[in-house]
Amino acid sequence: MKKIEFEEMQNPVTQYRQEGFPKQKQDPPGLQADMTPKPDCGEESYIGHNRLEGRKALVTGGDSGIGRAAAIAYAREGADVAINYLPSEQQDAEEVAQLIEAEGRKAFLIPGDVSDENFCRRLVEVANEQLGGIDILALVAGKQVTVKDIQDITTEQLVKTFETNVFSLFWIIKAALPLLPPGASIITTSSIQAYQPSPTLLDYAASKSAILAFTRALAKQVAEKGIRVNSVGPGPIWTALQVSGGQPQEKLPEFGQDTPLKRAGQPVELAGVYVFLASQESSYVTAEIYGVTGGNHLG
């Protein structure tokens, strides 16, 4: 993979892979290590500038994709990072830990399923103890399963999607709020699906719409505590989610090519937004949704 440094001016149309992706199928949740081609999460391309020196971040879904990109960026900006992931994603998580530690930062691995309320409480307790506090919550973990007909969406899938994507936010943030100092930042992860829902992602799109309302309401509730809450709304991004049930196989060769930039995004292209929203540079930003969509705008 060609090393692309963000300091260099680039044509965004040609900056990353323009063609689609080969058909490939993994059992959920999927491993980034087994993808072809592997996503760019900033392993070589993200360059930090110490904007988060001394900060302490907890990132869910931090093993691969967007969460991995955020975790790598936070470390290169000077933060210690705890990442959460499913036990089956251990291989990807260990790679992230090595990248964090290579920056001279502390990395903590906390496997477990955020669709479980008791685990969410333990996750916050363990992260707080290991990090010596928490001042950044980047909540990225998500579940996405493509289903063509509402009749085929089982109650089990519906509940699991909302437990993972929405309920986990309530459980993690409830546990974390008493620990967060003024100046802390909470970042949720919504989606363009909240604004332009695909017919095959009915339950996922509905869960991402719920995240919008949750983010905006919570931001108003905790503003007086000096805690900011914002969300990132990705468009079509090349992650393990797409090859483990998130997209139909037949759509992978054209994935992302219906955007104005004519390509899918790479996870590293969201890293700067997660850094900005975590940093003091965004001190007057709360209750906002930041789209990273290749031109298929939110709203």
Quick one about Thr161 and Asp203 (side-chain donor to acceptor, distance below 3.5 Å, no hydrogens or angles considered), yes or no?
yes
Does Asp40 form a side-chain hydrogen bond (donor to acceptor under 3.5 Å, both in side chains) with Ser45? I'd like the steps, not just the answer.
CA-CA 8 Å; Asp40 184 348; Ser45 56; 3.1 Å; yes
Considering all heavy atoms of both residues, which atom of Ala33 and which atom of Gln91 are nearest to each other, and what is their separation?
CB-NE2, 3.4 Å
Tyr16-Gln10 side chain donor-acceptor pair, cut-off 3.5 Å:
no
Is the number of heavy atoms from other residues, nucleotides or ligands under 6.0 Å of Glu250 CD greater than 12?
yes
Does a side chain donor of either Glu288 or Ser231 reach within less than 3.5 Å of an acceptor in the other side chain?
no
Answer yes or no: are there more than 12 heavy-atom neighbours, outside Glu101 itself, under 6.0 Å from its atom CD?
yes
Walk me through it: do Ser190 and Lys208 pass the test side-chain hydrogen bond (donor to acceptor under 3.5 Å, both in side chains)?
CA-CA 5 Å; Ser190 183; Lys208 292 299 180 174; over 6 Å; no
Take atom CD in Glu53; do more than 12 heavy atoms of anything else shown fall under 6.0 Å from it?
yes
Modelled atom types, side-chain donor and acceptor of Glu94 and Gln98, under 3.5 Å
no
Identified side-chain contact (heavy atoms from CB on, under 4.5 Å) partner of Ile172 from the options Val114, Leu177, Ile186
Val114
Can Asp80 and Lys56 be counted as an ion pair, charged N to O under 4.0 angstrom?
no
Which class fits the ring pair Phe255 and Trp238: parallel under 30°, tilted 30 to 60°, perpendicular over 60°?
tilted
Answer with yes or no whether the side chains of Thr200 and Lys148 bring together a donor and an acceptor at under 3.5 Å.
no
Using the side-chain contact (heavy atoms from CB on, under 4.5 Å) rule, pick out the option among Thr146, Leu241, Leu252 that qualifies with Gln247.
Leu252
Check step by step if side chain to side chain contact (heavy atoms under 4.5 Å, CB included) holds for Asn230 and Tyr274.
CA-CA 10 Å; Asn230 295 286; Tyr274 280 91; over 6 Å; no
Between Arg68 and Glu43 (salt bridge meaning N to carboxylate O under 4.0 Å), is one present in this structure?
yes
Is atom CG of Asp27 surrounded by more than 12 heavy atoms (other residues, nucleotides or ligands) closer than 6.0 Å?
no
Check each of Glu269, Glu254, Glu19 against Arg263 using the salt bridge (Lys or Arg N to Asp or Glu O under 4.0 Å) test, and report the only one that passes.
Glu269
Tell me the closest heavy-atom pair linking Ser115 and Lys160, and the distance in Å.
OG-NZ, 2.8 Å
Before you tell me yes or no, could you show the steps for Glu103 and Tyr74 under side-chain hydrogen bond (donor to acceptor under 3.5 Å, both in side chains), namely the whole-Å CA-CA distance, both residues' side-chain angles and the distance that decides it to 0.1 Å?
CA-CA 10 Å; Glu103 301 302 319; Tyr74 287 163; over 6 Å; no
Going through the checks in order, is the side-chain hydrogen bond (donor to acceptor under 3.5 Å, both in side chains) test met by Thr239 and Gln32?
CA-CA 7 Å; Thr239 71; Gln32 181 164 309; over 6 Å; no
Partner of Thr189 by side-chain contact (heavy atoms from CB on, under 4.5 Å), out of Asn165, Leu139, Thr60, Val140:
Val140
Report, as yes or no, whether the 6.0 Å neighbourhood of atom NZ on Lys251 holds more than 12 heavy atoms from other residues, nucleotides or ligands.
no
